[in-house]
K.L.:
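Okay, here's the structure, questions in a sec.
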Amino acid sequence: MPELPEVETIVRDLRPVLVGKKIVTFKVTKQRLLKNPLGQFKKFMIGATIFSVGRRAKLVLIGLSSGYTLLIHLKMTGQLVWRGSSGKIRLGGHPIVGVAAVPNRYTYITLGLAGGGKLYFNDVRTFGYFQLVKSELLAKHHLKFGPEPLTKNFTAAVLRQRLHGHPRVSIKAALLNQAVLAGLGNIYVDESLFAAGLKPSRRVGKLKSAEFIKLWSSIKQILSQAVRTRGTSFNNYRDGFGRKGTYWEKRWVYGRRGEPCRRCSRPISRTVLAGRGTHYCSNCQR
DNA sequence: CGGAGTGTTAGTCG
DNA sequence: CCGACTAACACTCC
């Protein structure tokens, strides 16, 4: 599930309940999900206090008083669920159909917090990971990512400059590349390209100046709308406040193969590009 | 039952 | 450099 808008939603929901809490236990039942030795996690997490919860690209960043930052990548199906001592739940990530309780059979990591709250990491496909990085090295670690599309620094000129190094790549593959631009995934690339009127297979080097500008504004518009609607949810996902992510209902092309285009009524096409299911309108997108 | 498809990313091969 | 493909894994849908 999680692309930029979903991770942003998760981070905003979890921040108020996690900041200021001290970690007292750290339990793992699938060590493959840890990118550092278990001993390091125990050493730098247990006893540490959480002082920040943030996001970079699709990573959740949890700043610790031990001088380390915990990086959590949810990949396809990762989910973070917080349960307070009163039993209140907040969660973010992929909904697991029919599995509402935590912990459950997909819970692989549990953080115990002072005061009785717990943070659970569930992951059906187990592609996600936890990684500890020294906070002072975080900036260096983040160099591999392109700019954040919802910040002021992200101008049309920046987008053009980032894409410039990949002239022969399809615009879809380029936008999926986190080194070009951080945070877009399969859904929002398809949606942004529809909004920009660009065929996903268009080569970056063939885009005109006006098309870069249209693409830039489309990316910003689609992503900010998705953040406002708390992201996209398949199935019956609900967040900890009982609300749904509703971008799914607003989508233009993703997952609409064969359905009439909302703009011109011709059927939405689906192909495979850059190894991903790709949805577009062959009439509205050129 | 079998095959296609699923929100990510790192890696290999040609 | 670049894209096609695969692998990591578990599950749903048709």
Side-chain angles (χ1 to χ4, degrees), chain A residues 1-10 29-35 55-60 71-80 91-99 104-109 121-131 141-142 144-146 163-192 200-206 222-223 226-227 229-237 239 244-248 250-251 253-258 268-279:
Chain A
M1 170 218 186
E3 302 179 33
L4 184 154
E6 292 77 28
V7 179
E8 184 64 30
T9 300
I10 291 163
T29 56
K30 200 175 276 285
Q31 295 224 11
R32 182 161 52 75
L33 304 186
L34 303 182
K35 283 212 170 190
R55 178 190 63 76
R56 175 73 170 108
K58 300 170 192 169
L59 284 168
V60 176
L71 279 52
I72 302 175
H73 203 308
L74 304 172
K75 287 289 185 95
M76 302 278 268
T77 53
Q79 181 183 47
L80 287 169
L91 79 168
H94 182 82
I96 299 171
V97 178
V99 182
N104 56 56
R105 57 191 283 223
Y106 305 114
T107 302
Y108 296 118
I109 300 176
F121 178 72
N122 307 329
D123 193 351
V124 171
R125 290 175 76 176
T126 66
F127 292 166
Y129 63 81
F130 274 40
Q131 181 179 15
H141 178 272
H142 289 168
K144 63 177 180 182
F145 293 122
L163 289 169
H164 198 245
H166 308 263
R168 296 147 60 124
V169 193
S170 68
I171 185 62
K172 165 134 185 177
L175 292 176
L176 284 173
N177 183 347
Q178 301 297 296
V180 168
L181 186 62
L184 284 179
N186 207 31
I187 295 177
Y188 298 113
V189 166
D190 282 5
E191 294 293 302
S192 299
S201 57
R202 279 285 293 282
R203 305 286 126 174
V204 169
K206 302 255 176 157
I222 292 286
L223 285 181
V227 169
T229 55
R230 302 180 56 77
T232 297
S233 310
F234 288 10
N235 307 320
N236 303 310
Y237 164 83
D239 69 20
K244 283 184 189 172
T246 54
Y247 183 82
W248 186 245
K250 317 269 184 207
R251 75 201 197 282
V253 290
Y254 186 87
R256 286 199 190 272
R257 166 165 43 178
I268 297 299
S269 307
R270 182 190 182 277
T271 56
V272 174
L273 186 60
R276 317 296 301 279
T278 297
H279 312 75

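Below, chains carry the letters A, B, ... as their sequence lines are ordered, and counting in each starts from 1.
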K.L.:
According to salt bridge (Lys or Arg N to Asp or Glu O under 4.0 Å), who are the partners of A:Glu191, at least two apart in sequence or on a separate chain?
P.N.:
none

K.L.:
Go through B:dT6, B:dT8, C:dC9 for me and flag the one nearest to the A:Arg270 side chain.
P.N.:
B:dT6

K.L.:
Under 3.5 Å, which donor-acceptor pairs link side chains of residues 271-278 of chain A to any protein atom two or more places apart or in another chain?
P.N.:
residue, atom, partner, partner atom, Å
A:Thr278, OG1, A:Lys172, NZ, 3.1
A:Thr278, OG1, A:Arg276, O, 2.9

K.L.:
What interatomic distance, in whole Å, is found between P of C:dT6 and the corresponding atom of B:dG3?
P.N.:
15 Å

K.L.:
Distance check, P atoms only: C:dA8 and B:dC1, in whole angstrom units.
P.N.:
24 Å

K.L.:
For the pair made of CG in A:Leu176 and P in B:dT9, what is the distance, rounded to whole Å?
P.N.:
9 Å

K.L.:
How far apart are the closest heavy atoms of A:Pro167 and A:His164, and which atoms are they?
P.N.:
CD-O, 3.5 Å

K.L.:
In this structure, how many angstroms lie between the P atom of B:dT8 and the CD atom of A:Glu6, rounded?
P.N.:
9 Å

K.L.:
Starting at the 5' end of DNA chain B, which residue's closest nucleotide do you reach first, A:Tyr129 or A:Arg125?
P.N.:
A:Arg125

K.L.:
What nucleotide, of C:dC9, B:dG5, B:dT8, holds the atom closest to the side chain of A:Met76?
P.N.:
B:dT8

K.L.:
Looking at residues at least two apart in the chain, or sitting in another chain, which of them share a ring-ring contact (aromatic ring centres under 6.0 Å, His included) with A:Tyr129?
P.N.:
A:His73

K.L.:
Keeping the roles fixed (side chain from A:Arg55, backbone from A:Ala57), state whether a donor-acceptor pair exists under 3.5 Å.
P.N.:
yes

K.L.:
Over 60° means perpendicular and under 30° means parallel, so classify the ring planes of A:Phe145 and A:His141, tilted if in between.
P.N.:
perpendicular

K.L.:
Under a 3.5 Å distance rule, please check whether A:Gln178 uses its side chain to pair with a backbone N or O of A:Leu176 as donor and acceptor.
P.N.:
yes

K.L.:
May I ask you to evaluate whether A:Gln178 reaches the phosphate of B:dT9, defined as a side-chain N or O under 4.0 Å from OP1 or OP2?
P.N.:
yes

K.L.:
Sequence neighbours left out, what passes salt bridge (Lys or Arg N to Asp or Glu O under 4.0 Å) with A:Arg251? Give chain and number order.
P.N.:
none

K.L.:
Specify the separation, in whole Å, of atom CZ of A:Phe127 and atom C1' of B:dG11.
P.N.:
14 Å

K.L.:
Between atom CG in A:Leu34 and atom P in C:dA8, what is the gap in whole Å?
P.N.:
19 Å

K.L.:
Could you work out the separation of B:dG5 and C:dA4 based on their P atoms and round it to a whole Å?
P.N.:
16 Å

K.L.:
How long is the line joining CZ of A:Arg105 and C1' of C:dC9, in whole Å?
P.N.:
13 Å

K.L.:
Could you tell me how far apart A:Leu59 (CG) and B:dT9 (P) are, to the nearest whole angstrom?
P.N.:
8 Å

K.L.:
Please tell me which of the listed nucleotides, B:dT8, C:dC9, C:dC11, lies nearest to the side chain of A:Lys75?
P.N.:
B:dT8

K.L.:
So does A:Arg203 have more than 12 non-hydrogen atoms from other groups sitting under 6.0 Å from CZ?
P.N.:
yes

K.L.:
Counting only side-chain heavy atoms from C-beta out, which of C:dC9, B:dT9, B:dT8 sits nearest to A:Thr126?
P.N.:
C:dC9

K.L.:
Over how many whole Å does the gap from A:Asn186 atom CG to B:dT9 atom P extend?
P.N.:
11 Å

K.L.:
Using a 4.0 Å heavy-atom cut-off, does A:Arg276 contact any base of the nucleic acid, only the sugar-phosphate backbone, or nothing at all?
P.N.:
base

K.L.:
Between the protein and nucleotides 2-5 of chain C, list every N/O to N/O distance that falls short of 3.5 Å.
P.N.:
residue, atom, partner, partner atom, Å
C:dG3, OP1, A:Arg168, O, 3.3
C:dG3, OP1, A:Val169, N, 3.3
C:dG3, OP1, A:Ser170, N, 3.4

K.L.:
Using whole Å, report how far CG of A:Asp190 lies from P of B:dT8.
P.N.:
11 Å

K.L.:
Under a 3.5 Å cutoff on both atom distances, Watson-Crick or G-U, what's the dot-bracket for DNA chain B ([ ] crossing, | other strand)?
P.N.:
.|||||.|||||||

K.L.:
Of all the nucleotides listed (C:dC11, B:dT8, B:dA10), which has the minimum atom distance to the side chain of A:Tyr106?
P.N.:
C:dC11

K.L.:
Closest approach of A:Ala182 and A:Arg56, non-hydrogen atoms and distance?
P.N.:
CB-NH1, 3.6 Å

K.L.:
Kindly point out which of C:dC11, B:dG5, B:dT8 is positioned nearest to the side chain of A:Glu3?
P.N.:
B:dT8

